[in-house]
Amino acid sequence: MYCTANGKAFLAQLSDDEVTQRIGREYPSRTSHTHTTFKDLRADLERVRKLGYSVDNEEHTLGVAAIGVMVKDSFGNPVLISVPVPFSRFESRKQAIIEKVLAVKLKLIERFGTEE
């Protein structure tokens, strides 16, 4: 959860205390880009909370980046969506992916009749 786009989108919906209760304060490194401390992850989660989407920049798997979002369905269950992309194409398509993922997020919020 600490190093994937959909995992970070989920964690961003929780308080800092809930995050540390679920996953602790230190994490194994999957790549050289992985956040391995809560301090670093927390900064990333603050960006997710502000922007409404998360980013995985080769944190889970080298060569793969992703954008992720979370909404709650009409029963309050989390619905997580991420769009993984080869890292070599990510930067040139990042803004378009963000726009499309956020558009899907808004449609799901409308469909489920829920809030972010």
Side-chain angles (χ1 to χ4, degrees):
M1 294 177 78
Y2 62 94
C3 64
T4 64
N6 53 354
K8 291 191 289 181
F10 175 77
L11 292 174
Q13 305 303 309
L14 305 175
S15 70
D16 289 351
D17 286 341
E18 290 172 312
V19 171
T20 58
Q21 286 173 4
R22 286 178 186 248
I23 65 170
R25 300 186 71 78
E26 294 184 5
Y27 323 110
S29 178
R30 293 192 51 97
T31 74
S32 61
H33 304 284
T34 305
H35 299 301
T36 58
T37 66
F38 178 70
K39 179 182 175 187
D40 292 336
L41 177 62
R42 184 176 185 273
D44 201 2
L45 296 179
E46 285 300 321
R47 281 190 292 278
V48 177
R49 292 171 183 137
K50 179 180 175 186
L51 299 174
Y53 64 89
S54 60
V55 179
D56 166 359
N57 276 313
E58 293 188 301
E59 296 162 49
H60 182 266
T61 305
L62 289 177
V64 179
I67 300 294
V69 295
M70 187 195 106
V71 298
K72 291 185 178 177
D73 69 13
S74 51
F75 299 104
N77 299 308
V79 176
L80 302 159
I81 300 170
S82 66
V83 177
V85 179
F87 190 76
S88 61
R89 291 187 262 160
F90 184 64
E91 280 304 315
S92 65
R93 297 179 182 182
K94 182 177 178 179
Q95 193 57 43
I97 296 166
I98 290 168
E99 290 170 10
K100 290 184 187 301
V101 169
L102 288 175
V104 168
K105 180 180 179 178
L106 288 175
K107 287 184 184 282
L108 288 172
I109 289 169
E110 290 172 10
R111 171 85 169 140
F112 294 138
T114 58
E115 307 235 351
E116 286 186 64

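None of these values were measured; they are calculated from a predicted model.
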Among all residues two or more places apart in sequence or in another chain, which pass the side chain to side chain donor-acceptor pair (under 3.5 Å) test with [X]?
| X | answer |
| --- | --- |
| Arg111 | none |
| Asp17 | none |
| Asp40 | Thr37 |
| Thr20 | none |

Quick one: list whatever passes salt bridge (Lys or Arg N to Asp or Glu O under 4.0 Å) with Arg42, sequence neighbours left out.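 Checked Arg42 against salt bridge (Lys or Arg N to Asp or Glu O under 4.0 Å); matches are Asp16.
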
Would you say Leu41 and Ile23 make side-chain contact, with heavy atoms under 4.5 Å? yes

Determine the minimum heavy-atom distance between [X] and [Y], stating which atoms define it.
| X | Y | value |
| --- | --- | --- |
| Ala9 | Val48 | CA-CG1, 4.2 Å |
| Met1 | Leu11 | O-CD1, 3.5 Å |
| Gly63 | Glu58 | N-OE2, 2.6 Å |
| Ala12 | Leu45 | N-CD2, 3.9 Å |

Set of residues satisfying side-chain contact (heavy atoms from CB on, under 4.5 Å) with respect to [X], sequence neighbours excluded:
| X | result |
| --- | --- |
| Val101 | Ile67, Val69, Val83, Ile97 |
| Glu18 | Leu14, Ser15 |
| Ala5 | Ser54, Asp56, Ala66, Ser82 |
| Glu26 | none |

How many angstroms lie between atom [atom1] of [X] and atom [atom2] of [Y], to the nearest 0.5 angstrom?
| X | Y | atom1 | atom2 | answer |
| --- | --- | --- | --- | --- |
| Lys8 | Arg47 | NZ | CZ | 8.0 Å |
| Thr61 | Glu59 | OG1 | CD | 10.5 Å |
| Met70 | Asn6 | CE | CG | 11.0 Å |

Is there a path of hydrophobic side-chain contacts, each under 4.5 Å between heavy atoms of I, L, V, M, F, W or Y residues, that connects Phe112 with Ile81? yes

Are Val104 and Leu102 co-members of a hydrophobic cluster defined by side-chain heavy atoms under 4.5 Å apart? yes

Test your reading of the model: is there a side-chain donor-acceptor pair from [X] to the backbone of [Y], 3.5 Å cut-off?
| X | Y | answer |
| --- | --- | --- |
| Thr4 | Gly7 | yes |
| Glu110 | Leu108 | no |
| Lys105 | Tyr53 | no |

Would you list the pairs meeting ring-ring contact (aromatic ring centres under 6.0 Å, His included) in which at least one residue belongs to residues 75-109, sequence neighbours left out?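 Matches after skipping sequence neighbours: none remain.
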
Which residue pairs pass the ring-ring contact (aromatic ring centres under 6.0 Å, His included) test when at least one of the two sits in residues 10-51, sequence neighbours left out?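 Non-adjacent pairs meeting ring-ring contact (aromatic ring centres under 6.0 Å, His included): Tyr2-Tyr27.
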
Which salt bridge (Lys or Arg N to Asp or Glu O under 4.0 Å) pairs, counting each pair once, include a residue from residues 89-104, with sequence neighbours left out? none

Hey, are Arg49 and Glu46 close enough for a salt bridge, meaning a charged N less than 4.0 Å from a carboxylate O?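 Salt bridge present between Arg49 and Glu46.
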
